[in-house]
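Just so you know, ligand 1 is whichever comes first in the structure, and atom 1 is the first atom listed for that ligand. If you're wondering where the values come from, they're calculated on a predicted model, not measured in any experiment.
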Amino acid sequence: VLKADAVGLYRTEFLYMNRQGMPDEEEHYRTYRKVIEGLDGIPITIRTLDLGADKQVDGCTAASCNPALGLRAIRLCLKEPKIFQPQIRAILRAAIHGPVRIMIPMLSNLQEVRKLKAIIAETKRQLAEEGLPYADHIPIGGMIEVPAAALSADAFSKELDFLSIGTNDLIQYTLAIDRVDDEVNYLYDPLHPAILRLIQTVIEAGKAADIPVSMCGEMAGDPRYIPLLVGMGLREFSMQPGSLLIAKECLFSLSAEKLSKQTRKLMKKLGSSKHERLLDKICRLH
Ligand code: PEP
Ligand code: MG
C-alpha cells in the first residue's frame with residue numbers, strides 16, 4: 001500500500017511566502033489544525049520556521065553576504081520573538097487535535113535547545129493563564145544539519161526527544177558547497193566519506209540515547225542510498241510523496257541483517273581502494 005506512517009517533515013515556511021506581512025497566531029493555528037485533523041490520527045512533525053538563506057521572504061532578508069551561514073532558522077526565531085511566539089503558541093494549541101512533534105531546524109549548539117525549551121515552557125504557562133487549551137506533552141526534536149551538531153549528536157540526543165538528519169543542509173555545510181549555486185553542484189556527494197561518518201555518528205548517538213533518529217533530506221527517498229542507510233541502522237525515512245513508491249519497494253526487498261554486516265565493512269574502509277567495491281555490493285543487496 002502506498003501509504004506513509006507519518007508526516008516526517010511539515011515545512012511551515014509556505015505560510016510566510018508570496019505575501020506581505022506575517023501570519024498571526026490564528027492563521028498558524030487554523031492551518032495546523034486543519035492539517036492535523038485531516039491526518040486523522042497519523043502523526044505529524046511540524047518544523048518551526050526555517051526562514052533565511054535559500055528560504056527568503058519579503059521583510060525578512062538577511063543582511064549577511066553569506067546568508068546560509070547567517071541569521072536563519074532557529075537563530076532568527078530566537079532573535080525575533082514576534083515571529084516565533086505566534087507559531088509556538090499555535091502549534092501547542094493545535095496539537096490537542098492529534099499527535100504532533102515539534103522539530104527545530106539548523107541547531108548548532110545546546111544553548112539553542114535550552115532557550116527553545118524555556119520558550120515552550122513559558123508559552124505553556126501563558127496559555128494556561130489565559131485558559132487556552134494546549135498539548136502539554138509534545139516531543140521536541142532537532143534537525144541535525146550542521147556538522148557541529150552531527151559531531152555532538154550524543155549531547156543533543158540527551159536533551160531532545162528525537163533527531164532528524166537534514167542531509168540537504170548537512171551536505172552543503174560539510175562539503176562547503178552552496179546548495180543554490182549551480183556552479184558547484186557537481187561537488188554534491190551524499191556518499192562522501194565525511195557525510196557517511198557524520199550520518200553514522202548521529203544514528204549511533206540516537207541508538208545510545210534510545211531516541212528515534214530519522215532522515216528528512218532528499219537522500220532518504222533515494223533508492224541509491226536507502227540500502228546503505230538501512231545498513232547504518234536508519235529505520236525512519238522521510239521523503240516527498242513522489243518518492244514513496246520506489247522507496248517502499250526498495251525497503252521491502254532488502255535484508256537489514258546482511259546490509260548491516262556489509263556496511264560495517266564499508267565504514268572501516270571509507271576512502272580506501274575497497275570503498276567503491278564495497279559500496280556497489282551494498283547497493284546490489286536489495
Ligand atoms: C535538509 O536540510 O535536509 C532539510 C530537510 O531541510 P530543507 O531542505 O528544508 O533545508
Ligand atoms: Mg535544511
Q: Can you sort out which atoms of ligand 1 are near M143, meaning under 4.0 Å from one of its heavy atoms?
A: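 Reading through ligand 1 atom by atom, the close ones are 4 (C), 5 (C), 6 (O).
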Q: What verdict does the salt bridge (charged side-chain N to carboxylate O under 4.0 Å, His left out) test give for D210 and K207, after you've listed the backbone C-alpha separation in whole Å, the side-chain angles of each residue and the deciding distance to 0.1 Å?
A: CA-CA 5 Å; D210 200 20; K207 250 191 226 154; over 6 Å; no
Q: Show the atoms of ligand 1 that are less than 4.0 angstrom away from any heavy atom in D50.
A: 10 (O)
Q: Is the positively charged end of R93 above the ring of Y134, judged by distance under 6.0 angstrom from the centroid and angle within 45° of the axis?
A: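 Output no; distance or angle outside limits.
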Q: Check step by step if side chain to side chain donor-acceptor pair (under 3.5 Å) holds for T48 and Q87.
A: CA-CA 7 Å; T48 59; Q87 177 170 50; 4.9 Å; no
Q: I need the atoms of ligand 1 closer than 4.0 Å to a non-hydrogen atom of L9, numbered in the order shown.
A: 5 (C)
Q: One thing to verify: whether D161 and R101 come together as a salt bridge, which I'm taking to mean a side-chain N less than 4.0 angstrom from a carboxylate O.
A: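 No, no charged N to carboxylate O under 4.0 Å.
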Q: Should one rank R179, E218, E13 by closest heavy-atom distance to atom 8 (O) of ligand 1, which comes out on top?
A: R179
Q: Give, rounded to 10 degrees, the angle between OD2 (D169) and OE1 (E145) as seen from the Mg ion (ligand 2).
A: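 Value returned, to the nearest 10°, is 90°.
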Q: Assess whether a salt bridge exists between R89 and D24, defined as any Lys/Arg side-chain N lying under 4.0 Å from an Asp/Glu carboxylate O.
A: no
Q: Within the 4.0 Å heavy-atom shell around C216, which atoms of ligand 1 are there?
A: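 Checking each atom against C216, I get 5 (C).
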Q: Report yes if some N/O of R72 lies less than 3.5 Å from some N/O of ligand 1; otherwise report no.
A: no
Q: If you measure from CG on L107 to CG on L163, what distance do you get to the nearest 0.5 Å?
A: 9.5 Å
Q: Checking contacts here: is it the side chain or the backbone of R47 that comes within 4.0 Å of ligand 1, counting heavy atoms only? Could be both or neither.
A: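 The answer is the side chain of R47.
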